[in-house]
Amino acid sequence: RVWALAVPIMISNLSVPLVGIVDTAVMGRLADPAYIGAIALGALIFSFVYWGFGFLRMGSTGLAAQAHGASNPREVSAIIMRGFVLAAVISAGILILQTPLLDLALSLLKGSARTEALTARYYEIRILSAPAVLLTYVVLGVLIGIQRTRDALVIALTMNLSNVGLDLIFVTGLGYDVDGVGWATVISEYLALALGLVLLLKNISVNPLTLSIATVLDRTRLRQLVDVNSNLIVRNLSIIFTHSWFTAQATALGNTTLAANAILIHLIHVLAYGLDGFAHAAEALVGEAYGKRSVRHFRSAVRITTQWAVAMAALYIGVYFLAGDWFITMMTTNESVQMRAREFMPWVLLAPVVAVWSYQFDGIFIGATHTAEMRNGMLISMAVFAIASWTLVPRFGNHGLWFAFTIFTAFRGITLAWWYRRVLHNVERSTRCES
């Protein structure tokens with residue numbers, strides 16, 4: 001069951017970098033390098049805007065998994081409707097505030113006048129997909145929660161592969177530039193939403209549209225939704241701040257170090273894509289056990305998903321040890337950047353054994369909807385990172401920065417491990433209440 005849930009997520013995650021690679025490649029065929037810069041800036045803006053609302057996916061997974069475990073299909077449908085309403089309200093806010101959001105982003109990112117003009121063109125098209133992106137978050141969250149990760153894979157592949165195909169048609173075939181890349185993304189995201197709605201209706205037994213307004217707007221359930229998602233918002237913003245601070249610190253260390261760190265961070269992201277498969281499996285199985293009020297199933301879900309995650313982390317260490325140099329040379333031909341990246345590669349080799357616990361506990365706590373602990377743990381970890389970077393970077397340079405980032409990742413796991421007993425205690429207490 002763990003592998004059946006994890007593998008589709010891993011495959012869908014691996015399709016994500018493909019879109020960015022193709023976007024860059026088609027723009028790289030144009031004479032002006034500003035096109036590549038515009039797509040890079042635009043993608044960065046939307047990764048921050050949309051990823052900040054990733055709680056719509058995570059919160060939906062935990063709540064749906066618990067309703068699924070409790071054999072309550074009516075509540076699963078109600079969770080869908082509540083998520084859709086919240087996603088629609090947020091989307092409306094993004095569309096209304098799109099101009100000040102763009103102005104703020106460009107004031108922070110500081111591109112050339114030409115690059116910023118092209119970024120604005122791309123942004124004005126891509127922003128139209130906000131409703132599709134946020135509604136699809138809810139669809140994916142519920143499908144993972146009810147353990148239909150193969151359908152989640154189909155949606156992700158449809159979106160990413162159609163994006164690639166439309167890129168080639170609009171840019172290479174029809175001669176568009178950033179407009180073509182923008183429209184390719186918008187169309188693919190609405191295609192994914194349409195397919196997601198079809199698959200969602202196929203997998204649930206109660207049509208959400210048949211629910212009464214009183215059921216959807218149940219005060220207790222809404223309060224739970226707000227609590228879960230507000231904690232995840234703070235948690236996500238803390239991660240965004242930490243990664244932004246890491247990049248800002250690397251920028252101050254020079255262009256060569258910045259480029260080397262960018263390559264190594266790609267390897268960290270690939271690590272996250274793989275380990276997230278087992279974290280998502282933990283979300284679904286832990287949530288199901290939590291909904292069933294079954295301590296035995298809860299312990300089993302935690303143990304087995306974590307064992308496989310640790311095994312995968314060990315595999316990553318071996319692959320990066322053997323092929324790390326090859327990855328570096330594949331990503332840059334600049335010898336000074338290659339040498340700099342090799343110097344800091346040991347931190348990437350250390351990352352799997354440190355990061356696996358943070359990813360895995362995230363999955364466990366999302367499944368149990370104990371998001372307050374996730375929020376508090378992330379705030380503590382962010383504060384520790386800030387102190388560590390201020391202390392270590394002036395003395396040890398980029399090694400100090402990577403050390404601080406490793407400490408941040410470790411504290412993410414340590415804080416949640418500290419609070420894990422609280423989650424287990426709640427399952428045991430609810431089981432006694434049921435009895």
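No experiment lies behind these values; they were computed from the predicted model shown.
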Legend entry - Heavy-atom closest contact (Gly377 atom, Thr415 atom, distance): CA-OG1, 3.5 Å
Inset, instruction - May I have the step-by-step check of side chain to side chain contact (heavy atoms under 4.5 Å, CB included) for Ile187 and Ser162, ending in yes or no? - result: CA-CA 8 Å; Ile187 293 170; Ser162 64; over 6 Å; no
Under 3.5 Å donor-acceptor pairs involving side-chain atoms of residues 205-216, not counting sequence neighbours:
{"unit_1": "Asn207", "atom_1": "OD1", "unit_2": "Leu209", "atom_2": "N", "d": "2.9"}
{"unit_1": "Thr210", "atom_1": "OG1", "unit_2": "Asn207", "atom_2": "O", "d": "2.6"}
{"unit_1": "Ser212", "atom_1": "OG", "unit_2": "Thr215", "atom_2": "N", "d": "3.2"}
{"unit_1": "Ser212", "atom_1": "OG", "unit_2": "Thr215", "atom_2": "OG1", "d": "2.9"}

Inset, instruction - For Phe278 and Val310, run side chain to side chain contact (heavy atoms under 4.5 Å, CB included): C-alpha distance rounded to whole Å, both residues' side-chain angles, the deciding distance at 0.1 Å, then the answer. - result: CA-CA 10 Å; Phe278 296 105; Val310 171; over 6 Å; no
Legend entry - Euclidean distance, Arg340 CZ relative to Ile328 CD1, rounded to 0.5 Å: 12.5 Å
Legend entry - Check: His370 and Asn426 side chains under 4.5 Å, non-hydrogen atoms: yes
Inset, instruction - Taking side-chain hydrogen bond (donor to acceptor under 3.5 Å, both in side chains) as the test, write out the residues that go with Trp419, two or more places apart. - result: none
Legend entry - Student check: side-chain heavy atoms of Leu86 and Ile90 closer than 4.5 Å: yes
Inset, instruction - Taking all heavy atoms of Tyr190 and all of Ser129, pick out the closest pair and write down the distance. - result: CE1-CA, 3.8 Å
Inset, instruction - Flag the pair Met58 / Tyr137 as yes when at least one side-chain heavy-atom distance between them is below 4.5 Å, and no otherwise. - result: no
Inset, instruction - Under the side chain to side chain contact (heavy atoms under 4.5 Å, CB included) rule, what do Leu401 and Thr257 come out as? Steps first, then yes or no, please. - result: CA-CA 11 Å; Leu401 181 59; Thr257 298; over 6 Å; no
Inset, instruction - Would you check, one step at a time, whether the test side chain to side chain contact (heavy atoms under 4.5 Å, CB included) holds for Ile265 with Phe246? - result: CA-CA 10 Å; Ile265 284 292; Phe246 179 89; 3.9 Å; yes
Legend entry - side chain to side chain donor-acceptor pair (under 3.5 Å) pairs, two or more places apart, involving residues 302-321: Thr305-Gln360
Inset, instruction - Assess the side chains of Thr371 and Arg375: does a donor N or O sit below 3.5 Å from an acceptor N or O? - result: no
Inset, instruction - Measure the CG-CG distance between Asp218 and Leu225 for me, rounded to the nearest 0.5 Å. - result: 11.5 Å
Legend entry - Separation of Phe361 CZ from Ile366 CD1 (nearest 0.5 Å): 13.5 Å
Legend entry - Sub-4.5 Å side-chain heavy-atom contact between Leu143 and Asn203: yes
Inset, instruction - Report yes if some heavy atom in the side chain of Asp179 is under 4.5 Å from a heavy atom in the side chain of Phe170; otherwise report no. - result: no
Legend entry - Those residues that, when tested against Phe298, pass ring pair (Phe, Tyr, Trp, His ring centres under 6.0 Å) (two or more places apart): none
Legend entry - Non-hydrogen atoms of Ala192 and Met159 that approach each other most closely: CB-CB, 3.6 Å
Inset, instruction - For residues Met378 and Phe408, determine if any side-chain heavy atom of one lies less than 4.5 Å from a side-chain heavy atom of the other. - result: yes
Legend entry - Set of side-chain hydrogen bond (donor to acceptor under 3.5 Å, both in side chains) partners for Thr369, sequence neighbours left out: Gln66
Legend entry - Pairs meeting criterion side chain to side chain donor-acceptor pair (under 3.5 Å) with involvement of residues 80-104, two or more places apart: Glu75-Arg82
Inset, instruction - Mind checking side-chain hydrogen bond (donor to acceptor under 3.5 Å, both in side chains) for Glu288 and listing every partner two or more places apart, or none if nothing turns up? - result: Arg1, Gln147
Inset, instruction - First locate atom CG of Leu349, then atom CG of Leu267, and finally report the distance between them rounded to the nearest 0.5 Å. - result: 9.5 Å
Inset, instruction - Just jot down the ring pair (Phe, Tyr, Trp, His ring centres under 6.0 Å) partners of Phe403, sequence neighbours excluded, or say none. - result: Trp347
Legend entry - Whether Ser300 side chain and Arg296 backbone form a donor-acceptor pair below 3.5 Å: no
Legend entry - Charged N-O contact under 4.0 Å between Arg235 and Asp362: yes
Legend entry - Under 3.5 Å donor-acceptor, Thr149 side chain and Leu5 backbone: yes
With a cut-off of 3.5 Å and sequence neighbours excluded, list every side-chain donor-acceptor pair involving residues 383-391.
{"unit_1": "Ser389", "atom_1": "OG", "unit_2": "Trp245", "atom_2": "NE1", "d": "3.1"}
{"unit_1": "Ser389", "atom_1": "OG", "unit_2": "Phe385", "atom_2": "O", "d": "3.1"}
{"unit_1": "Ser389", "atom_1": "OG", "unit_2": "Ala386", "atom_2": "O", "d": "3.0"}
{"unit_1": "Thr391", "atom_1": "OG1", "unit_2": "Ile387", "atom_2": "O", "d": "2.7"}

Inset, instruction - Mark yes or no for whether Arg293, through its side chain, and Tyr290, through its backbone, hold a donor-acceptor pair below 3.5 Å. - result: yes
Legend entry - Partners passing ring pair (Phe, Tyr, Trp, His ring centres under 6.0 Å) against His243 (at least two apart in sequence or in another chain): Phe405
Legend entry - From Ile304 atom CD1 to Trp3 atom CH2, the distance as rounded to the nearest 0.5 Å: 13.5 Å
Legend entry - Over 12 foreign heavy atoms within 6.0 Å of CZ, Phe411: no
Legend entry - All side-chain hydrogen bond (donor to acceptor under 3.5 Å, both in side chains) counterparts of Asp325, not counting sequence neighbours: Arg342
Legend entry - Sub-4.5 Å side-chain heavy-atom contact between Arg299 and Leu424: yes
Inset, instruction - Look at the side chain of Thr61 and the backbone N and O of Gly141, then say whether any donor-acceptor pair between them is shorter than 3.5 Å. - result: yes
Legend entry - Closest heavy-atom pair and its distance - Leu222, Leu217: CD1-O, 3.4 Å
Legend entry - Minimum-distance pair of heavy atoms, taken over all atoms of Ala120 and Leu102: CB-CD2, 3.9 Å
Legend entry - Over all atoms of both residues, closest heavy-atom pair of Ile155 and Gly196: CD1-CA, 3.5 Å
Legend entry - Non-neighbouring partners of Thr158 that pass side chain to side chain contact (heavy atoms under 4.5 Å, CB included), sequence neighbours left out: Val154, Leu195
Legend entry - Nearest-0.5 Å distance that lies between atom OH in Tyr359 and atom CG in Asp276: 7.0 Å
Inset, instruction - Please tell me if the side chains of Met374 and Asn231 come closer than 4.5 Å, counting only heavy atoms from C-beta onward. - result: no
